[in-house]
Amino acid sequence: MQSRVLGILLLVQLAAAATPQTIQLQSRAAPKAATLRRRALNPVTVALSDFFLGTDLQWFGNISIGTPPQTLTVVFDTGSTTLEVASTLCGTACSNQVQFNASESSTFIDEHTTNTISFATGVGVDPVVNNDYTLSLRSSVDTVAIGDLMAPSTSFFLITNQTAKFNIDPFSGILGVGATAENVFASFVNQGLPSLFSLFLTPLAVGNAELTLGGIDTTKFSGDLIFASLPANPRTTWSLASPQIFVNGETTSVLTASRNVIFDSGTSNILFPTATANAIYAIISPNIQPYAPEPGAYGIPCADIPSLTAVISVTFTDQAGLPFNLTIPTSELNVGPFAGNETICQTLINAFDGLSLLGGSLFKHYYSVWDVGNKRMGFAAI
Ligand SMILES: *[C@@H]1O[C@H](CO)[C@@H](O)[C@H](O)[C@H]1NC(C)=O
Ligand SMILES: *[C@@H]1O[C@H](CO)[C@@H](O)[C@H](O)[C@H]1NC(C)=O
Ligand SMILES: *[C@@H]1O[C@H](CO)[C@@H](O)[C@H](O)[C@H]1NC(C)=O
Ligand SMILES: *[C@@H]1O[C@H](CO)[C@@H](O)[C@H](O)[C@H]1NC(C)=O
Ligand SMILES: *[C@@H]1O[C@H](CO)[C@@H](O)[C@H](O)[C@H]1NC(C)=O
């Protein structure tokens, strides 16, 4: 098995410690006026493909940029807020990606500013080591379209170089959809699209994953959606306050601590501070140990995994003030053998001090609604 790289994401600003350079992301807030002039836009559903390497890593779908439109695939990443896509300026460093050619777009504007962005967390199942996930970017403006929704004059970034860790990505870029409407999504909302989106992120074997912009696809779940309000701060991050975590029905003093949990569709694993990760693993099996070659990752001999139980329930509070759990089943514990030692299988939780974050391993079990306008998130079991 290959090393499962990947991922992306997460608000670079959150992880200052590991971030060498943080760019101030340009963004535009959704204009507030114009409510009376808005016409409703219909929701658009985008089919998503699963980037699978032994485990489900990320889900990506089509957008287009430019005039005439050039089709590119992006990960719709709730852990970041900007759009960046591989461009022909990247050349061989992006040779595995479909590249946007700005010279072929009549509406393209080069904003000339260059910068780099280093992803500090949330990289698929692999921890970040030595800034190994870095993109070189050039600021730009062009028309971005998703389905029949069009966002003219939208700020984005051309990827002009990237570190080798990105080479295996089957998609061209990352479209950040944070908890405030920015860039592409802000444009749609200002044109009258309802200010929410929904994700149906299925395992590869199930397929039919999708993103619905501006609506909820009620055919994808049968139970009720439970909504929880976002905390007042930080406002651009999808996160909810959690009072405690249960593992196989047990909790401990370390796990009974309030924390803010980030929801990141661009990450497949779970991240918790080291003490929390250790407390969870102590309940599952003392044989799950840090994997030295990849600091932050844990593993156990692959032969030992099938006998383990690892039901992880993270408690939140709904809008009526009642507790509810989001639960990750045992089937997610095994992320697959490490590339460097195939007798050792990686386990789901990575240690990352300062962050608690849930990713695709949770979303595979819930239909999720990301309600930007009402500052809340909704979940229904699938
Ligand atoms: C994405 O775009 C490509 C190229 O235009 C097209 O072949 C493919 O069918 C599209 N995929 C989906 C899921 O719409
Ligand atoms: C980009 O488009 C221009 C104009 O059509 C073309 O001359 C150039 O070869 C293209 N670049 C690449 C790398 O395809
Ligand atoms: C692209 O990035 C790599 C590091 O990943 C670096 O070695 C190389 O010099 C860069 N290329 C350019 C043209 O900046
Ligand atoms: C959450 O899960 C724990 C452990 O299974 C359970 O004890 C608790 O009752 C659950 N809470 C709710 C609100 O379902
Ligand atoms: C793989 O890990 C096991 C257990 O730690 C160790 O005994 C073995 O030497 C390792 N193999 C390699 C190739 O590193």
Side-chain angles (χ1 to χ4, degrees), residues 4-12 25 44-53 55-65 70-87 90 94 96-100 117-126 128 132-135 137 144-147 151 154 156-159 162-163 165-179 182-185 197-204 207-213 236-238 262-269 271 357-364 368 370:
R4 297 163 213 87
V5 173
L6 225 293
I8 300 298
L9 12 30
L10 201 246
L11 299 182
V12 235
L25 303 172
V44 160
T45 291
V46 182
L48 301 179
S49 302
D50 189 340
F51 177 24
F52 183 93
L53 275 183
T55 190
D56 305 286
L57 287 180
Q58 288 168 312
W59 292 261
F60 58 96
N62 281 353
I63 67 167
S64 70
I65 302 179
Q70 298 177 39
T71 300
L72 301 157
T73 52
V74 295
V75 169
F76 297 93
D77 175 27
T78 63
S80 64
T81 56
T82 52
L83 169 62
E84 33 292 314
V85 292
S87 74
C90 186
C94 299
N96 290 341
Q97 281 82 44
V98 173
Q99 300 171 359
F100 174 71
I117 180 172
S118 291
F119 292 99
T121 71
V123 174
V125 300
D126 282 354
V128 174
D132 48 2
Y133 290 88
T134 299
L135 299 175
L137 303 173
V144 178
I146 306 179
T154 296
F156 72 108
F157 296 93
L158 302 180
I159 297 170
Q162 63 186 11
T163 47
K165 281 281 193 182
F166 289 99
N167 289 354
I168 63 165
D169 291 0
F171 43 82
S172 292
I174 303 157
L175 175 54
V177 275
E182 301 191 49
N183 63 65
V184 180
F185 190 65
F197 61 90
S198 305
L199 285 169
F200 181 56
L201 301 181
T202 56
L204 183 66
N208 298 314
E210 64 177 35
L211 160 73
T212 298
L213 290 166
T236 57
T237 307
W238 290 109
I262 293 167
F263 294 86
D264 184 356
S265 65
T267 293
S268 54
N269 266 21
L271 305 181
L357 181 150
L358 300 174
S361 50
L362 173 78
F363 299 127
K364 278 184 269 180
S368 56
W370 308 70

Q: State, to 0.1 Å, how close Q58 and G266 come at their nearest heavy-atom pair, and which atoms those are.
A: NE2-O, 2.7 Å
**Q.** Shortest non-hydrogen contact from P170 toward T73
**A.** O-OG1, 3.8 Å
Q) Would a 4.5 Å heavy-atom cut-off, applied to side chains only, mark F363 and W59 as touching? A) no
Q. Is there a donor-acceptor contact under 3.5 Å from the side chain of N96 to the main chain of N167?
A. yes
Q. Distance-only, no hydrogens or angles: does the D169 side chain make a donor-acceptor pair with backbone N or O of F171 under 3.5 Å?
A. no
Q | T71/S64 under side chain to side chain donor-acceptor pair (under 3.5 Å): CA gap, chis, key distance, verdict | A | CA-CA 4 Å; T71 300; S64 70; 5.6 Å; no
(Q) Please evaluate residues I65 and L83 with respect to the criterion side-chain contact (heavy atoms from CB on, under 4.5 Å), reporting the C-alpha separation (whole Å), side-chain torsions for both, the decisive distance (0.1 Å), and the verdict. (A) CA-CA 11 Å; I65 302 179; L83 169 62; 4.2 Å; yes
Q) So, T134 and S118: side-chain donor and acceptor under 3.5 Å apart, yes or no? A) yes
Q. What are the two closest heavy atoms between D77 and S80, and how far apart are they?
A. OD2-OG, 2.6 Å
**Q.** Gap between atom CG of D50 and atom CG of N208 - 0.5 Å precision
**A.** 11.5 Å
Q | Side-chain heavy-atom pair T78, L199 within 4.5 angstrom cut-off | A | yes
Q) Should F60 and V74 count as side-chain neighbours, where that means a heavy-atom distance under 4.5 Å? A) no
**Q.** Check: F156 and N183 side chains under 4.5 Å, non-hydrogen atoms
**A.** no
Q) Looking at side-chain heavy atoms only, is the closest gap between V144 and L175 below 4.5 Å? A) no
Q. Is the closest side-chain heavy-atom distance between T82 and L137 below 4.5 Å?
A. no
Q) What distance separates N269 CG from T267 OG1, expressed to the nearest 0.5 Å? A) 8.5 Å
Q.
Quick one: does any side-chain atom of T202 pair with a main-chain N or O of G207 as donor and acceptor, under 3.5 Å?
A. yes
(Q) Quick check: closest heavy atoms across A86 and V98, and the distance to 0.1 Å? (A) CB-O, 3.9 Å
Q.
Between F197 and F76, is the side-chain contact (heavy atoms from CB on, under 4.5 Å) condition met? List the steps.
A. CA-CA 11 Å; F197 61 90; F76 297 93; over 6 Å; no
Q) Does some side-chain heavy atom of I63 sit less than 4.5 Å from a side-chain heavy atom of V184? A) no
**Q.** S172 side-chain N/O to V85 backbone N/O, donor-acceptor pair under 3.5 Å
**A.** no
(Q) Which heavy atom of L362 sits nearest to which heavy atom of L358, and what is that distance? (A) CD2-CD1, 3.9 Å
Q: Could you tell me which residues satisfy side-chain hydrogen bond (donor to acceptor under 3.5 Å, both in side chains) with Q97, sequence neighbours excluded, listed by chain and number?
A: Q162
Q.
I'd like to know whether D56 forms a side-chain contact (heavy atoms from CB on, under 4.5 Å) with L201, so could you lay out the CA-CA distance, the side-chain angles of the two residues, the decisive distance to 0.1 Å, and finally the verdict.
A. CA-CA 10 Å; D56 305 286; L201 301 181; over 6 Å; no
Q. Counting only N and O atoms by type, is there a donor-acceptor contact under 3.5 Å from the side chain of Q99 to the main-chain atoms of C94?
A. yes
